[in-house]
Amino acid sequence: MSAPEPRPGIMDIAPYVGGESAIAGKRKAIKLSSNEGAFGPSPRAVIAYKKAAATLHRYPDGSATELRKAIAARHGLDPERVVCGAGSDELLILMCKAYAGPGDEVLYTEHGFLIYPIAAKAAGATPVKVAEKQLTADVDALVKRAGAKTRLLFIANPNNPTGTYLPADELMRLRERLPRHVILVIDAAYAEFVTHNDYSPGIELVDGGDNVVMTRTFSKIFGLGGARLGWAYCPAPIAHVLNLVRGPFNVSAPAMAAGLAALDDVAFTNKARAHNTVWRAWSRERLLELGLEVPESACNFVLVRFPAAGGRDAKAADAFLKARGIIVRRVAAYGLPDCLRVTIGLEDEMRTLVDALREFTKSWGSR
Ligand SMILES: *Cc1c(COP(=O)(O)O)cnc(C)c1O
């Protein structure tokens with residue numbers, strides 16, 4: 001007799017390691033490691049969440065009717081084709097569970113979000129990483145790699161941790177050239193932060209066929225990462241499938257209440273976007289002045305590349321920042337060992353970060 005073993009592929013999963021949230025020996029840290037939103041949640045979302053505590057003994061509305069209607073009204077969608085999840089992660093995992101299995105391939109981009117290969121392997125499928133061009137998804141390479149075994153193609157637009165995005169016409173070109181049996185999943189977790197005119201989260205692509213899904217989250221601009229709330233906009237048959245495979249009460253009542261209130265607080269979201277636009281540009285300019293490489297970002301973070309030389313590299317920079325109470329994200333697991341990802345926080349947090357990195361780069365000269 002041998003001990004129980006999971007299905008093939010499960011033990012190949014590299015566990016997801018989130019951004020760190022504390023530094024040993026430091027009471028209060030500046031946390032710029034998980035893109036959580038500089039202002040936290042809307043005060044109205046907090047009130048709604050607390051109010052939901054009084055009825056915690058009741059099961060939530062398993063079909064999230066009110067929330068789906070509010071999301072649909074905001075974006076001009078059919079609420080029947082919106083599916084809510086405990087974070088968009090759950091929906092990405094369910095897409096793999098429902099549409100990919102042993103022998104199937106799941107495509108994702110070179111520096112794409114790590115949940116994609118995890119979700120593929122958890123379903124028994126094979127994740128396939130496709131090379132990017134200048135830290136950006138390469139439409140031609142993706143189309144070329146999509147074959148008979150391909151079931152899903154995940155693309156974060158804009159992408160975490162690079163901050164780059166494909167403009168709407170490139171995304172359209174990808175959809176048009178992709179074989180019909182492949183589902184294109186557009187993960188638009190950072191859509192609300194993008195201010196470029198040539199960007200689209202992809203709603204028109206979902207509407208334009210039967211093989212495109214767009215996912216969104218309440219974890220980023222809405223600051224509700226701890227509540228776990230996301231949604232997908234799908235062709236009707238795919239929405240039906242997701243509803244079959246999800247848990248009947250997959251979204252908690254307090255999360256839905258907070259989500260509804262957050263969605264309604266448009267002034268708060270606008271303020272968060274405006275703050276991000278200003279301090280992302282300010283931070284990038286200061287870091288460029290220090291001689292660091294910082295690709296343009298459409299998100300609420302910037303990717304910062306450090307020299308490969310020992311003492312000046314990303315690892316040394318990370319340790320230097322930690323010693324000053326600043327937590328950023330190492331992104332070696334994303335194939336970017338010489339980079340750090342820095343979330344755009346409050347003004348004083350960004351000033352402290354830039355001052356620390358100025359000190360760090362100054363120390364190079366004296367070596
Ligand atoms: C943060 C993030 C998400 C959101 O995950 P949730 O499960 O909704 O918290 C999804 N995709 C990407 C690329 C992200 O960075």
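All ligand and atom numbering here is 1-based and tracks the order in the structure. As a basis for the values below, the full set of heavy atoms in this structure was taken, side chains included, without hydrogen atoms, waters or symmetry mates.
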Ligand-side contact atoms (ligand 1) for residue partner Ala189, heavy atom cut-off under 4.0 Å: 2 (C), 3 (C), 10 (C), 11 (N), 12 (C), 14 (C)
Quick one: which of Thr217, Asp187, Thr215 has a heavy atom closest to atom 10 (C) of ligand 1? Asp187
For atom 9 (O) of ligand 1, what's the nearest protein heavy-atom neighbour? Residue, atom name and distance, please. Ser219 OG, 2.6 Å
For atom 7 (O) of ligand 1, tell me which residue out of Arg228, Glu90, Arg341 has the closest non-hydrogen atom. Arg228
Does anything in residues 322-350 pair up under ring-ring contact (aromatic ring centres under 6.0 Å, His included), and if so which pairs, sequence neighbours excluded? none
Salt-bridge contact Glu90-Arg228 (side-chain N to carboxylate O under 4.0 Å): no
In ligand 1, the atoms that come under 4.0 Å of a heavy atom of Asn160 are 13 (C), 14 (C), 15 (O)
Within the 4.0 Å heavy-atom cut-off, what Ser88 brings close to ligand 1 is both
Is the shortest side-chain N to carboxylate O distance from Asp169 to Arg173 below 4.0 Å? no
If you look only at pairs with a residue in residues 14-51, which of them pass as a ring-ring contact (aromatic ring centres under 6.0 Å, His included), with sequence neighbours excluded? Phe39-His275
Shortest protein heavy-atom distance from atom 2 (C) of ligand 1, along with the residue and atom involved: Lys220 NZ, 2.4 Å
Using 30° and 60° as the class boundaries, would you call the ring planes of Tyr190 and Phe193 parallel, tilted or perpendicular? tilted
Tyr190 heavy atoms, cut-off 4.0 Å: which ligand 1 atoms fall inside? 1 (C), 14 (C), 15 (O)
Considering residues, nucleotides and ligands other than Asn197, do more than 12 of their heavy atoms fall under 6.0 Å from its CG? no
